[in-house]
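Please read the structure below before turning to the comments.
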Amino acid sequence: MADALRNYIDGAWVDAIDGARFDVFNPATGEVVATAPDSQPADAERAIDVARRTFDDGGWWPRTSERERGRILLRAAEIMRRELERLARLESLDCGKPLGEARDDLEEVAFMFEYFGGWATKVDGSIPPVGPDAMSLVVKEPMGVAAAITPWNYPMPMAVQKVAPAIAAGCTLVLKPAEQTPMTALEIPRILEEAGLPPGVLNVITGFGETAGAPLVSSPKVDKVGFTGSKDVGKLIMRTGADTLKRVTLELGGKSPNIVFADADLDAALEGSANGIFWNQGEICSAGSRVFIERDIYDDALSALVGHAKSVRVGDGLAEGTTMGPLVSKEQQERVQRYIEIGQDEATLAVQGELPQDPGLAGGYFVPPTIFSDVKNDARIAREEIFGPVMSVIPFSSAEEVVELSNDNEYGLAAAVWTRDIKKALTTARALRAGIVWINDTQPAPTEAPWGGYKQSGIGRELGRNGVDDYLEEKHIWVNLAP
Ligand code: NAI
Ligand code: MG
């Protein structure tokens, strides 16, 4: 029997008002592993009303002490660590990723609770000088009711990096996880309830974007939307949110350059370049999907990359030895397969790795690790986000040229630069129009540092201290002291 998941509203586990449900699939087999409430606008309205009331009624939640809010988050970190193995299995089952990657993700989630729990007591205001006859007090206050709308590629991290700072700031929330991956999102209120979070502060509804997500964006009772997902939905959220002048934080993916200079430590650089697109099945907003290789080393580098693709072991994320799982859904599998067809008209197919042979996985949403070589920077496979294990390799001749090619894209989320020359590394890093640049590494996203994009990769930053500021308003209180 598949698990019947429920919404969490006002501290109670409830079905959708009309009782409708949708199926949740194991991406490795295509089997139904759970059903979840197919929440409608009326369910969203119910969750919003609870969050609004919890924020407004006497202001009791926003006026809880910062210490109390911090303590709840610190306790949540402990509970996370205690349950890490079970939660990592659930995360892997839900989205397909290899269990080892899920464990690493959830270690970081435990730390997010700790990190933002620490911030709760450290959000200072300021007292700007305004002369002897007055005093200005600048205080930070919670923004109000927040909506968090999250994607399926890192289900629990993407949710907690919105929920934890919002709670630290004193906001109340409604979380709507991706319809593909509702399972671990519903563990978050359970953990926080055990940690002492009062009912009504965090509410979670499952369902689809147009029916359960859109009402959160249009509601005048919601003050802020934190969204991670596709560029098109991000734009829609900004447009719809404009009617009520919503504060928005948007993280919308990218087409990130991964630049390998000839003087790099090539073993590390090429292994890193492969990981940057093959980890998490390539379903990474900051994936290094455009791999730029300096011409002097192009042929050797390409054959090393091909070797890395062949060594990937595609299989059930929960099985021992798997290094790449299935994509999250049939829809995503088909989307990526279409791009692989497009790529065959645009560039040279350098390699496709092996698919799993196990007949038990015949219904899974697998795509082999794929590399295209001699790709033109203006080809569709080099311009558009594919969100799968598909690498485009592009040669370059100089630092100036590779910066120009890298920046010639509408996205600007992340970039990696591989070289032993510190000056070249830093001048390239400064010239790239991207929110995150890794030097001689790929993909680290520590909770302590800001995360977000330039250009059409988004607006605002999550994580770091920005993560909390994003859920705060500033108020200036002027005191007349004139004699
Ligand atoms: P999506 O942007 O449609 O879904 C992300 C979230 O937004 C989900 O919770 C979804 O239910 C919600 N949503 C969808 N329509 C909405 C609406 N009208 N109002 C409010 N919420 C809405 O992403 P999708 O369709 O799953 O994936 C499509 C592509 O988006 C991928 O191939 C990938 O290129 C990109 N993507 C980027 C992500 C990132 O990390 N930046 C994450 C997921 C997808
Ligand atoms: Mg969509």
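Order of listing sets the numbers, starting from 1, for every ligand and every atom in it.
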Practice problem: Specify whether Tyr115 and Phe111 have parallel, tilted or perpendicular ring planes, treating 30° as the upper limit for parallel and 60° as the lower limit for perpendicular. | Solution: tilted
Quiz item: Going by atom types alone, do Arg290 and Asn377 pair a side-chain donor with an acceptor below 3.5 Å?
Solution: yes
Quiz item: What are the atoms of ligand 1, with element, lying closer than 4.0 Å to any heavy atom of Ala214?
Solution: 19 (N), 20 (C)
Quiz item: Considering only the protein, which heavy-atom contact is closest to atom 30 (O) of ligand 1, and what is its distance?
Solution: Ser230 CB, 3.0 Å
Quiz item: Do Arg380 and Glu384 meet the salt-bridge criterion of a basic N to acidic O distance under 4.0 Å?
Solution: yes
Quiz item: Which of the atoms of ligand 1 are close to Thr150, meaning less than 4.0 Å from one of its heavy atoms?
Solution: 6 (C), 8 (C), 9 (O)
Self-check item: Under-4.0 Å heavy-atom contact with ligand 1, by part of Leu252 that carries it
Solution: backbone
Quiz item: So, are Glu83 and Arg86 salt-bridged, with charged N and O less than 4.0 Å apart?
Solution: yes
Practice problem: Run the contact test for Met158 against ligand 1 with a 4.0 Å cut-off on heavy atoms, strictly below, and give the result. | Solution: no
Practice problem: Check each heavy atom of Glu179 against ligand 1 and say whether those closer than 4.0 Å belong to the side chain, the backbone, both or neither. | Solution: side chain
Quiz prompt | Option with minimal heavy-atom separation from atom 15 (N) of ligand 1, where the choices are Leu327, Val233, Val328, Leu250 | solution = Val233
Quiz prompt | Any N or O of Glu385 closer than 3.5 Å to N or O of ligand 1 | solution = yes
Quiz item: Is it true that Glu473 and Arg247 make a salt bridge, defined as a side-chain N closer than 4.0 Å to a carboxylate O?
Solution: yes
Quiz item: What's the shortest distance from atom 38 (C) of ligand 1 to any protein heavy atom, and which residue and atom give it?
Solution: Phe387 CZ, 3.4 Å
Quiz item: Any nitrogen or oxygen of Lys176, main chain or side chain, under 3.5 Å from a nitrogen or oxygen of ligand 1?
Solution: yes
Quiz prompt | pair Leu106-Met156: side-chain heavy atoms closer than 4.5 Å | solution = yes
Quiz item: Are Asn466 and Trp451 close enough that a side-chain donor and a side-chain acceptor fall under 3.5 Å?
Solution: no
Quiz prompt | Residue pair Thr35 / Asp23, side-chain donor-acceptor N/O under 3.5 Å | solution = no
Exercise. Look at Glu346 together with Lys376 and state whether they make a salt bridge at an N to O cut-off of under 4.0 Å.
Key: no
Self-check item: Protein heavy atom at shortest distance from atom 24 (P) of ligand 1
Solution: Trp152 NE1, 3.8 Å
Quiz item: Quick check: does Gly229 get an N/O under 3.5 Å from an N/O on ligand 1?
Solution: yes
Exercise. Report the part of Glu251 in contact with ligand 1, treating N, CA, C, O as backbone and CB onward as side chain, heavy atoms under 4.0 Å; options are side chain, backbone, both, neither.
Key: both
Quiz item: Looking only at protein heavy atoms, which one is nearest to atom 39 (C) of ligand 1, and how far off is it?
Solution: Cys285 CB, 3.6 Å
Self-check item: Identity and distance of the protein heavy atom lying nearest atom 22 (C) of ligand 1
Solution: Gly209 CA, 3.4 Å
Quiz item: atom 4 (O) of ligand 1: protein heavy atom closer than 4.0 Å?
Solution: no
Practice problem: Say whether Lys231 and ligand 1 are in contact under the criterion: heavy-atom distance to a ligand atom below 4.0 Å. | Solution: no
Quiz item: On the ring face of Phe208, is Lys176 found with NZ or CZ under 6.0 Å from the centre and within 45° of the axis?
Solution: no
Quiz item: Should the pair Phe292 and Phe396 be assigned to parallel (<30°), tilted (30 to 60°) or perpendicular (>60°) ring geometry?
Solution: perpendicular
Exercise. Look only at interatomic distance and state if Leu236 has a nitrogen or oxygen under 3.5 Å from any nitrogen or oxygen of ligand 1.
Key: no
Quiz item: Do Asp469 and Arg465 sit within salt-bridge range, that is, some charged N less than 4.0 Å from a carboxylate O?
Solution: yes
Quiz item: In the protein, what heavy atom is nearest to atom 43 (C) of ligand 1, and what distance, to one decimal place, separates them?
Solution: Pro151 CB, 3.6 Å
Quiz item: Given that the side chain starts at C-beta and the backbone is N, CA, C, O, which of these parts of Tyr154 lies under 4.0 Å from ligand 1, counting heavy atoms, or is it both or neither?
Solution: neither
